[in-house]
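First up is the structure itself, then whatever we jot down about it.
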There are 2 protein chains.
Amino acid sequence: MKSVNTDVAYDYIRKRILSGEFSPGQALLTETLAAEIEVSRTPVRDALRKLETDGLVTIRAHLGASVKKMNLKEFREMSDLRLALESHAAGLAAVNHTDADLSAIKFALDAMRFLTDKIVAADNEQPFLGDLVREDIRFHIAIMAASKNELMQREIMRLHLLHRVVSGLSNIDGGAGPKVESDVRRLAVLAKHEDIYRAIAGGNSREAKNEMGYHLQELIDHNLHALARAEAGVLSRDLTAEELLYSGHL
Amino acid sequence: MKSVNTDVAYDYIRKRILSGEFSPGQALLTETLAAEIEVSRTPVRDALRKLETDGLVTIRAHLGASVKKMNLKEFREMSDLRLALESHAAGLAAVNHTDADLSAIKFALDAMRFLTDKIVAADNEQPFLGDLVREDIRFHIAIMAASKNELMQREIMRLHLLHRVVSGLSNIDGGAGPKVESDVRRLAVLAKHEDIYRAIAGGNSREAKNEMGYHLQELIDHNLHALARAEAGVLSRDLTAEELLYSGHL
DNA sequence: GCAACATCGGTGTTGACACTCTTCATGGTT
DNA sequence: AACCATGAAGAGTGTCAACACCGATGTTGC
């Protein structure tokens with residue numbers, strides 16, 4: 001059913017959403033897109049349907065498509081879903097990993113350690129931040145792959161991309177506080193990663209699962225605070241956990 | 001984007017798949033369906049795309065759509081996904097449930113206890129089997145609802161329906177062995193449900209999660225054996241765990 | 001200021017056409 | 001005679017442009 005033109009349209013729109021050119025909430029006009037891609041509206045419609053599947057796009061009857069936009073409640077729910085899947089995958093990875101999987105995980109971990117040390121030592125963190133984020137992602141992907149459950153892997157990846165789109169990428173994490181605080185956080189994250197790696201390498205399924213769960217819960221809380229600040233337009237002070245909870249009920 | 005006709009087509013095809021009229025692997029011709037529903041091919045195409053989203057339909061370029069068919073590997077992966085989500089949801093339910101949620105869970109549990117006793121006591125199990133299955137489903141749904149995570153709830157429901165379609169419903173479970181064995185199994189399942197309920201009512205998140213995990217793992221193993229038997233065409237004897245593992249690699 | 005109405009942008013739907021894949025028949029080869 | 005390669009026909013999907021319809025916006029009259 002899907003065919004060449006549909007795939008071209010799908011790749012084109014997907015890329016522009018993931019790159020941030022199309023931001024959350026932005027309307028996606030079928031005619032405009034069709035003209036840009038130089039195909040008719042039909043394959044564009046198909047592509048948008050498929051993107052809706054991925055969760056990247058919202059479609060409402062007669063109102064058209066727009067880039068997915070979440071409120072705090074949805075964001076929290078999605079994050080929790082990710083936590084459930086990714087910690088389960090970590091538990092599987094502890095049991096199912098091959099030597100090659102383990103090497104890949106360790107490689108990403110070593111790179112993260114190297115980069116974190118460099119960032120903590122340097123005055124200017126910017127040059128290495130991108131690399132650090134990339135290695136972090138590689139670490140998590142390597143673990144998913146080691147779980148040997150392709151379906152779960154795809155699902156987690158989907159949620160990762162969705163997370164990236166709706167959280168607005170670097171809009172949030174960048175410069176969220178004094179460098180010292182960020183450094184402390186980075187070292188804590190690194191330590192957690194080492195714990196996770198140890199559990200997986202040791203074949204301890206339950207521990208791998210738990211450690212990954214704690215790690216992600218911590219990340220999620222961090223993200224939720226950042227997103228809540230951004231949504232409320234309050235940039236100067238943190239919301240308390242209770243305020244955060246309530247703001248999710250809008 | 002979706003509209004009346006698309007929805008009509010979606011409901012129509014979905015219902016026939018879920019009712020078992022369209023069995024796994026069966027081709028779904030756009031023209032034929034369009035003629036039956038009395039709309040053009042476009043809304044039918046849209047509906048099939050949406051059903052692909054749900055996982056109920058497979059679409060390949062230029063080859064058309066067919067009802068989803070899984071091999072053992074995919075089935076195992078899907079089951080494991082369900083386990084991850086549903087046990088996590090049980091953990092959430094222990095913390096987030098309202099009194100009404102708890103009543104709903106207890107109601108289904110009481111009904112199951114009543115029906116199980118009746119079945120064990122009776123010679124002919126048939127009249128009550130349908131009811132028992134329904135209450136079992138209600139029990140699990142009530143727990144999902146108590147988790148207060150709508151996204152997770154939808155995802156679990158999706159997997160439930162998918163499971164129902166690809167496993168071929170009653171084709172497998174019915175008459176899988178002597179009644180005494182089935183009775184033993186049913187009592188064990190009931191006992192596990194009671195454990196799960198106790199953990200949730202007691203607000204013990206970790207225990208609820210673990211108990212649900214054990215319960216589902218047991219169910220999955222049971223299903224995998226049944227499916228492997230069915231796929232191999234061997235109905236007289238059980239596969240060993242090892243044989244089962246290998247047969248998944250086809 | 002508000003309600004009914006006209007306008008317009010954009011989606012939903014349709015039927016026709018182009019293209020791809022499969023199947024089956026034909027003919028040549030070993 | 002059996003087998004593979006070639007090609008033609010048919011079935012079904014992918015794509016297109018035009019039309020129908022809905023919802024939002026702005027305008028008119030009261």
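Treat the numbers as computed from the prediction; the structure is a model and nothing was measured. Proteins get letters first, then strands, A, B, ... in listed order; numbering begins at 1 in each. Computation of the quantities below employed the complete heavy-atom set of this structure, encompassing side-chain atoms and omitting hydrogens, waters and symmetry-equivalent molecules.
- For residues 13-61 of chain A, there are no ring pair (Phe, Tyr, Trp, His ring centres under 6.0 Å) pairs, not counting sequence neighbours.
- Checked by atom type and distance alone, the side chain of B:D101 pairs as donor or acceptor with a backbone atom of B:T98 at under 3.5 Å.
- In this structure, B:L33 places its CG atom 13 Å from C1' of D:dG12, rounding to the nearest Å.
- Between B:N5 and B:Y10, the side chains place no donor N or O within less than 3.5 Å of an acceptor N or O (distance only, hydrogens not considered).
- In this entry the distance linking CZ of A:R60 with C1' of C:dG10 reads 14 Å, nearest Å.
- Atom pair B:L29:CG and D:dG10:P shows a separation of 18 Å (rounding to whole Å applied).
- Under the 4.0 Å criterion applied to side-chain N and carboxylate O atoms, B:R154 and A:E77 are not assigned as salt-bridge partners.
- Proximity of a side-chain donor or acceptor of A:Q26 to a complementary backbone N or O of A:S23 within less than 3.5 Å is detected.
- C:dT11 atom C1' lies 14 Å from atom CG of A:L28, rounded to whole Å.
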At a cut-off of 3.5 Å, list every protein nitrogen or oxygen paired with a nitrogen or oxygen from nucleotides 16-23 of chain D, distance to 0.1 Å.
unit_1 : atom_1 : unit_2 : atom_2 : d
D:dC16 : OP1    : A:N5   : ND2    : 3.4
D:dC16 : OP2    : A:S40  : N      : 2.8
D:dC16 : OP2    : A:S40  : OG     : 2.9

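- If you take CD1 of A:I59 and P of C:dG10, they are 17 Å apart, rounded to a whole angstrom.
- Enclosure of atom CD in B:E21 by more than 12 non-hydrogen atoms of other residues, nucleotides or ligands within 6.0 angstrom is indicated.
- One atom, CG of B:L48, and another, C1' of D:dG12, lie 13 Å apart when rounded to the nearest Å.
- For the pair B:T6 and C:dT13, the criterion of a side-chain N or O lying under 4.0 Å from OP1 or OP2 is met.
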